Amino acid sequence: MSTAERATVDIDMDRVERLIAEETEALNAKHVRSLSYREEAKAHLPGGVSSSWQSWPPHPIYVDRGKGPHVWDIDQNEYVDFHNGYGVMVMGHAHPKIVEAVQRRVELGTHFAQPTEDALIVAENLAERTGLPYWRFGNSGTEATLDAVRIMRATTGRPLILKIEGTYHGHHDALMVSVFPSKETAGPREHPNSVPQTAGLIPGAAESVVNVPFNDADAAERAFAEHDGQIAGMIIEPIMTNCGVVLPDPGYLDRLKEICHANGALFAYDEVKTGFTVGWGGAVEAFGVQPDLVAFAKALGAGLPCGAIGGSAEGMRMVLDGGLEQVGTFNGNPLTMAAAKVNLTEVLTKDAYVRLDEINEILHGCEDVMERYDLPASMKTLSAKGSIDWRREPIHEYRDLWEIDDRIPQLAWLWQLNRGVFKSPGSKWESWTTSIVMSDEDAQRYVENFETFAQAITE
Ligand SMILES: Cc1ncc(COP(=O)(O)O)c(C=O)c1O
């Protein structure tokens with residue numbers, strides 16, 4: 001039964017605050033070494049971390065090691081890993097086949113800035129999964145979406161990029177706009193402001209981006225009409241994964257592609273998070289719409305830094321004819337390609353996605369809990385990805401998130417962490433990536449914790 005059809009309880013926020021304080025204290029007690037390490041680390045690593053998002057209150061989780069579906073922090077607490085490095089480790093940690101491939105390649109030399117034979121095998125596999133023939137490699141999702149934007153501008157000779165309000169595509173200037181805009185800065189829904197996500201963007205960066213709400217093809221059509229002949233292309237995460245898991249309405253992606261093409265613009269998918277996690281052929285396969293360009297990264301390299309930009313003959317025309325130089329010292333790095341090759345051809349095979357569906361089925365036990373406790377929450381999943389939205393109606397577009405009180409997902413995160421489940425933090429949502437090596441018991445642990453959590457916040 002959906003939340004729309006059932007009565008839900010009001011959560012007592014005083015109780016939530018008290019539980020956050022208790023859970024924080026319990027976590028700190030288990031993290032004596034982590035807390036002192038953070039102070040040492042701050043001397044040379046701002047905030048004690050290597051990326052600002054590695055720090056989440058009450059303190060960063062400093063990891064020692066991972067094996068299969070489990071990780072251990074530096075205090076030697078063990079967790080089932082539902083974070084999986086933002087979905088990179090959908091194959092599990094230290095997978096024997098990846099370890100073997102990397103060890104073999106290390107002995108043969110790890111960098112030449114020249115292609116090795118593995119690159120073609122990886123590109124062939126990506127072509128099979130997406131139907132898109134041409135591929136180039138890089139080192140991160142940021143590089144892949146940067147390439148996508150540059151290709152769209154170069155191919156059309158137009159200045160503007162259309163993106164979805166509330167999506168993150170990496171930390172380059174072209175797209176660090178309206179990623180998590182606040183209610184105060186975002187402007188009207190019909191014409192969202194272009195809000196820089198950080199200080200230091202090149203002047204004009206924000207003005208070069210037009211934002212529209214997710215799941216609203218009419219808004220995209222209007223944007224093209226209002227910026228006639230100026231929009232080079234649209235980049236979209238086919239499933240929004242940085243505000244929970246927000247699925248596209250039926251027909252939405254087909255229509256966007258049509259609108260882009262009708263206006264002489266390119267249509268690009270950012271599959272950095274959805275690639276290799278929502279299905280064997282990513283979102284291209286899951287929704288049956290083939291874009292002109294696709295950006296992959298994260299799970300492609302099986303834990304080694306890797307990115308890829310691929311496309312159709314038209315999408316990649318400027319790279320094919322040399323009109324645009326897609327470059328990078330570490331592009332197609334031999335170690336990365338060796339890991340990616342085995343990952344795609346021997347680990348993340350079609351069977352792997354059957355296992356992910358089985359795990360997903362177990363996690364749907366959370367829905368029974370929601371019903372039994374009348375929680376104002378809903379759940380969305382696709383293969384390895386899933387999220388719980390603390391809202392009566394599921395999130396349909398970014399602005400829906402503003403209605404969620406941060407304190408409930410924060411408590412849910414602490415609750416799971418203190419009970420042996422590590423998942424990625426997020427201020428307004430609970431989301432996860434499972435791995436093909438999880439046991440039924442690993443998945444069940446999430447559901448059991450969710451049930452005790454439901455009891456605690458409703459009793
Ligand atoms: C959807 C999406 N695109 C692009 C990126 C950037 O990838 P990277 O951090 O590898 O640069 C991210 C990172 O989380 C992402 O979630």
Side-chain angles (χ1 to χ4, degrees), residues 49-56 82-90 136-152 161-180 197-198 201 209 211 214 233-248 253 268-278 282-284 286-287 291 293-310 326 328 330-331 333 336 339-340 343 382 384-387 395 397-398 401 423-429 431-433:
V49 291
S50 300
S51 160
S52 302
W53 290 345
Q54 288 170 4
S55 183
W56 191 261
F82 281 82
H83 183 324
N84 276 311
Y86 288 126
V88 170
M89 303 312 298
V90 64
R136 279 286 180 86
F137 298 106
N139 306 284
S140 66
T142 294
E143 290 179 36
T145 63
L146 179 157
D147 283 334
V149 166
R150 185 167 295 154
I151 288 170
M152 293 196 288
I161 298 294
L162 185 61
K163 83 177 265 291
I164 298 292
E165 185 176 48
T167 53
Y168 176 65
H169 296 288
H171 59 279
H172 55 92
D173 286 18
L175 294 173
M176 257 186 134
V177 178
S178 297
V179 175
F180 301 119
Q197 195 204 343
T198 173
L201 295 189
V209 174
N211 288 279
F214 192 67
M234 175 169 202
I235 184 159
I236 182 170
E237 264 202 290
I239 300 172
M240 287 177 93
T241 59
N242 286 309
C243 42
V245 169
V246 187
L247 298 171
L253 298 169
Y269 273 2
D270 174 348
E271 288 230 46
V272 167
K273 274 190 156 170
T274 53
F276 320 103
T277 55
V278 301
V284 172
F287 303 111
L293 293 165
V294 172
F296 281 133
K298 295 208 195 287
L300 173 58
L304 275 75
C306 190
I309 179 74
Q326 189 274 345
F330 286 100
N331 287 10
N333 171 265
T336 306
N343 189 29
L382 189 59
K385 291 276 182 203
S387 77
I395 304 291
E397 62 176 87
Y398 171 72
L401 273 186
K423 63 194 177 77
S424 45
S427 59
K428 289 186 182 289
W429 59 88
S431 66
W432 59 78
T433 311

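Each ligand, and each atom within it, is numbered from 1 in the order the structure gives. This one's a predicted model, so the numbers in the text were calculated from it and none came from an experiment.
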Inset, instruction - State the atoms of ligand 1, each with its element, that fall below the 4.0 Å cut-off from a heavy-atom position in Glu237. - result: 1 (C)
Inset, instruction - Just let me know how Tyr168 lines up against ligand 1, side chain, backbone, both or neither, with a heavy-atom cut-off below 4.0 Å. - result: both
Legend entry - Distance (rounded to the nearest 0.5 Å) between Lys428 NZ and Tyr398 OH: 8.0 Å
Inset, instruction - Give the atoms of ligand 1, by number and element, whose distance to some non-hydrogen atom of Ser140 is under 4.0 Å. - result: 10 (O), 11 (O)
Inset, instruction - Using a 4.0 Å heavy-atom cut-off, say whether His169 meets ligand 1 through its side chain, its backbone, both or neither. - result: backbone
Legend entry - Inter-residue atom distance Tyr168.OH - Leu175.CG, 0.5 Å rounding: 10.0 Å
Inset, instruction - Run the numbers for me: atoms of ligand 1, each under 4.0 Å from some heavy atom of Lys273, listed by number. - result: 16 (O)
Legend entry - atom 16 (O) of ligand 1 [closest protein heavy-atom partner, distance rounded to 0.1 Å]: Asn242 ND2, 3.1 Å
Legend entry - Between His172 and Thr142, a side-chain donor and acceptor under 3.5 Å: no
Legend entry - Protein residue, atom and distance nearest to atom 9 (O) of ligand 1, heavy-atom basis: Lys298 NZ, 4.1 Å
Inset, instruction - Look at atom 7 (O) of ligand 1 and say which protein heavy atom is nearest, naming residue and atom and giving the distance to 0.1 Å. - result: Gly141 CA, 3.3 Å
Inset, instruction - Would you name the heavy atoms of His169 and Glu237 that are closest together and state the gap between them? - result: CE1-N, 4.0 Å
Legend entry - Check: Thr145 N/O within less than 3.5 Å of ligand 1 N/O: no
Legend entry - Shortest protein contact, atom 11 (O) of ligand 1 (heavy atom only): Thr142 OG1, 2.5 Å
Legend entry - Nearest neighbour in protein (non-hydrogen) for atom 3 (N) of ligand 1: Asp270 OD2, 2.6 Å
Inset, instruction - Taking the side chain as every heavy atom from C-beta outward, state whether Tyr269 and Leu253 have any atom pair closer than 4.5 Å. - result: yes
Legend entry - Distance-only donor-acceptor check, side chains Ser178 and Asn211, under 3.5 Å: yes
Legend entry - CE-CD1 distance between Met234 and Ile164, expressed to the nearest 0.5 angstrom: 3.5 Å
Inset, instruction - Drop me the distance from Met152's CE to Leu293's CG, to the nearest 0.5 angstrom. - result: 6.5 Å
